[in-house]
2 protein chains.
Amino acid sequence: MATIYDVAEKAGVSVGTVSRYLNGSGYVGRKSADRIAAAIEELGYSPNRNARSLTTKRSGMIGFVVSDLANPFTAEIARGVQDTADEFGYCALIYNTDGNAHRELRALNTLREHQVDGIIITPPEIPEGNAFLAELIAQGIPVVLLGRDMEPLVTDFVSTDTYLGAVIAVDHLLELGHNRIACICARNAAFSRRRGYMDALTQAGLDVDERLIVETELTRQGGVDAMTQLLKLEDPPSAVFAVNDVTALGAMHHAIRRGVSIPGDISFVGFDDIVLAEYAQPALTSVAQPKLQLGRTAFELLHTRLETSDPIEPRRVILPCELVRRESTAVARTVTSRLQRSSSDE
Amino acid sequence: MATIYDVAEKAGVSVGTVSRYLNGSGYVGRKSADRIAAAIEELGYSPNRNARSLTTKRSGMIGFVVSDLANPFTAEIARGVQDTADEFGYCALIYNTDGNAHRELRALNTLREHQVDGIIITPPEIPEGNAFLAELIAQGIPVVLLGRDMEPLVTDFVSTDTYLGAVIAVDHLLELGHNRIACICARNAAFSRRRGYMDALTQAGLDVDERLIVETELTRQGGVDAMTQLLKLEDPPSAVFAVNDVTALGAMHHAIRRGVSIPGDISFVGFDDIVLAEYAQPALTSVAQPKLQLGRTAFELLHTRLETSDPIEPRRVILPCELVRRESTAVARTVTSRLQRSSSDE
DNA sequence: CTGAAAGCGCTTACAG
DNA sequence: CTGAAAGCGCTTACAG
């Protein structure tokens, strides 16, 4: 394959001039430029970025480390990262770790060997991983954390405000006139979503009815179990907020099987906005995380570090969730009848 | 950052010896080895692969070009590619093109500049892309085509046998005793699936009833439309094969709304095995493409080219589909009653 | 078993 | 505006 020397020779100039032409650094005479362009064309010359990186100390590549690329949520983030990197002229080296400490360490190490200019990583639970990341940061390789905070690490961090997402979801139900709103949640996870639920109620001046908060597995079956329990109540809820979609779907389908009309009798809101939410019958109203935006932001954060060697204070970006309204939520029954009455009054 | 020179100096040997130690090429004395190991440890030395690639002409990176990484189907393939590449000590540079000719060309070009050792690409419809790929192949960069054949290109190719997948689906219905099997298909796509349907029937000695073949849009609504038409028949089918899941789901849900019991009255089989199939009510039996395997195979094909410079005849690997049996298919009614009769005879 | 030296393809001051 | 030369970090024959 042709090198910069071949081009220089064919154009009758020195390699330095060709290099300047290629990089737009320093002046190149009109005539030389034309001849270089012609030579490049003729030889089908393609510069070798690896060789270039040897002197510039910049590879133009970033690493993106995830635990499961096949997860649709991750895949969409990856797309956001890649698209944005591409816009800025960077390549993304993507690594899948399966949440395996060994693989993650190897990924990080290989990424360094390939001289990536920076790394975006979705959180591993792995202490060794964190230690290695700290080492990379110390060596001056910028790192951006995506999705979850990693305690001992001080660097940029981007994630989603799930607390506010829950508040938005419950507010939506409140606005529809619901005042008996149940929450299906987990014992050990998604606390901020649960907290959002409670705060939204309190904020609205409503008491939190402990019987309406059901802890369960965050699975389809967990949703079924929780709904079974809620339907046994003497005064069942008129709306249900579940901290994730799969659970919401399980609950909703169980209610349907029990003859409950949705959203006529009970409204449902889920969280995450997985594809299933859109295709459910009825389509499930859900809180969406801005996945693409998450990826974009992560790269942008990294990019400002890539472009400067000045120390930058660690930044934290928390993106808002968005409520996607579908068919599973409607005005509360009591309100409906009140509306009907008032309209018949006219 | 420490270089091989720093290591050599600290260990009191020459860089050549350190290099040999690092690569396991040529002998290194026991004593030297120990001291080199210690020096590497002490300095936290990490070799620079880009520098290495300058002499070896091998970057240890491959490129993977897709049109939409956020598509779950693609994401899973990507995972298969990355996992396998990792196993063999390669890194994957992933590029998203959105099916945009401009972006694809830039991706391919950048990949070459980064000196990837090979490229796996999911088919673009783009002539310019094909021309560029041909150029890369001519330059000795191995290319593997994944998912669809690209006419003018002669290189390795891996995909799925959707024709046989359709045959398997229909055979499954035949085995359950169905003989009036409808096919919901498209006018201009997925021909091999439709052909599989017809051949399976013919093979079983059944006539193809044209009224049972409904052309429609391959969308949820298309499925609804097709099902509406099928239910109007005086002698409706006892089973439906749809050439993709979304359509199958639309058809199935419409049938349910019309009071049809599934799989009691009608069995349904879809194609692609998307997540929705698993979570549908009832869960949809579907033909799955081996996505991970597709990615694995693509890399393996590439790998044999990576490891040799000998010319290799272009190979084509067609992976079989797999039937995932769920709740939407059951023994045909007539057969059921026959079975009941025979059992009451005893 | 090991060292000295050339070379991989590029960029970057430094002169001119 | 341009060329000569050194250097980036590594590997690879070649001697010894």
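Protein chains get the first letters and strands the later ones, always in sequence-line order, with residue 1 at the start of each.
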**Item:** N/O donor-acceptor pair under 3.5 Å between B:Glu76 side chain and B:Lys291 backbone
**Value:** no

**Request:** Could you tell me whether a side-chain N or O of A:Thr308 sits under 3.5 Å from a main-chain N or O of A:Arg305, the two making a donor and an acceptor?
**Result:** no

Should [X] be listed as having a side-chain N or O under 4.0 Å from OP1 or OP2 of [N]?
X: B:Asn23; N: D:dT11; answer: yes
X: A:Tyr45; N: C:dC10; answer: yes
X: A:Thr3; N: C:dG9; answer: no
X: A:Lys57; N: D:dG9; answer: yes
X: B:Thr56; N: C:dC8; answer: no
X: A:Thr17; N: D:dG3; answer: yes

**Nucleotide-level pairing of DNA chain D, given in dot-bracket where Watson-Crick and G-U pairs need both distances under 3.5 Å and | marks other strands** = |||.||||||||.|||

**Prompt:** Tell me, do B:Leu292 and B:Ile77 make a side-chain contact under 4.5 Å, heavy atoms counted?
**Reply:** no

**Request:** For B:Gly12 and for B:Ala51, find the nucleotide of DNA chain C with the closest heavy atom, then tell me which residue's nucleotide is more 5'.
**Result:** B:Gly12

**Item:** Of B:Arg30 and B:Thr55, the one whose closest DNA chain C nucleotide lies more 5'
**Value:** B:Arg30

Hey, what are the protein-to-nucleotides 14-16 of chain C N/O distances that come in under 3.5 Å?
none

**Message:** Nearest heavy atom decides the nucleotide; on that basis, is A:Lys31 or A:Val15 closer to the 5' end of DNA chain D?
**Reply:** A:Lys31

**Prompt:** In terms of the angle between their ring planes, are A:Tyr90 and A:His303 parallel, tilted or perpendicular, with boundaries placed at 30° and 60°?
**Reply:** perpendicular

What is the distance, to the nearest angstrom, from the [atom1] atom on [X] to the [atom2] atom on [N]?
X: A:Leu22; N: C:dG9; atom1: CG; atom2: P; value: 15 Å
X: A:Arg58; N: D:dC8; atom1: CZ; atom2: P; value: 18 Å
X: B:Asn50; N: C:dT11; atom1: CG; atom2: P; value: 14 Å
X: A:Arg52; N: D:dG9; atom1: CZ; atom2: C1'; value: 17 Å
X: B:His114; N: C:dC10; atom1: NE2; atom2: P; value: 14 Å
X: A:Ile4; N: D:dA4; atom1: CD1; atom2: C1'; value: 14 Å
X: B:Glu9; N: C:dA4; atom1: CD; atom2: P; value: 13 Å
X: A:Asn48; N: C:dG9; atom1: CG; atom2: C1'; value: 6 Å

**Prompt:** Hey, are A:Ser53 and A:Gln115 close enough side-chain-wise for a donor-acceptor pair under 3.5 Å?
**Reply:** no

**Request:** Would you give the length of the straight line joining atom CG of A:Asn50 to atom CE of B:Met61, rounded to the nearest 0.5 angstrom?
**Result:** 5.0 Å

**Item:** Spacing of CZ belonging to B:Phe157 relative to CD1 belonging to B:Ile318, to within rounding of 0.5 Å
**Value:** 4.5 Å

Which listed nucleotide ([options]) is nearest to the side chain of [X]?
X: B:Ser14; options: C:dG3, D:dG9, D:dG3; answer: C:dG3
X: B:Pro47; options: D:dC10, C:dG3, C:dT11; answer: D:dC10
X: A:Leu54; options: D:dT2, C:dG9, D:dC10; answer: C:dG9
X: B:Val28; options: C:dT2, D:dC10, C:dG9; answer: C:dT2

**Prompt:** Which pair of non-hydrogen atoms, one from B:Asn96 and one from B:Arg103, has the smallest distance, and what is that distance?
**Reply:** O-NH2, 2.9 Å

**Message:** What's B:Ser53 touching, base or sugar-phosphate or nothing? Going by heavy atoms closer than 4.0 Å.
**Reply:** nothing

**Prompt:** Just checking B:Gly16: base, sugar-phosphate only, or nothing, at a heavy-atom cut-off of under 4.0 Å?
**Reply:** base

**Item:** A:Ile36, A:Ile4, A:Asp6 screened by side-chain contact (heavy atoms from CB on, under 4.5 Å) with A:Tyr45, the one that passes
**Value:** A:Ile4

**Message:** Run the salt bridge (Lys or Arg N to Asp or Glu O under 4.0 Å) test on A:Asp68 and B:Arg79 for me, step by step, so that the C-alpha distance in whole Å, both residues' side-chain angles and the decisive distance to 0.1 Å come before the verdict.
**Reply:** CA-CA 8 Å; A:Asp68 181 10; B:Arg79 195 191 151 133; 2.5 Å; yes

**Message:** Under the criterion salt bridge (Lys or Arg N to Asp or Glu O under 4.0 Å), I'd like the reasoning laid out for A:Arg315 against A:Glu300: C-alpha separation, chi angles, the key distance, then a yes or no.
**Reply:** CA-CA 12 Å; A:Arg315 292 155 298 170; A:Glu300 284 164 3; over 6 Å; no

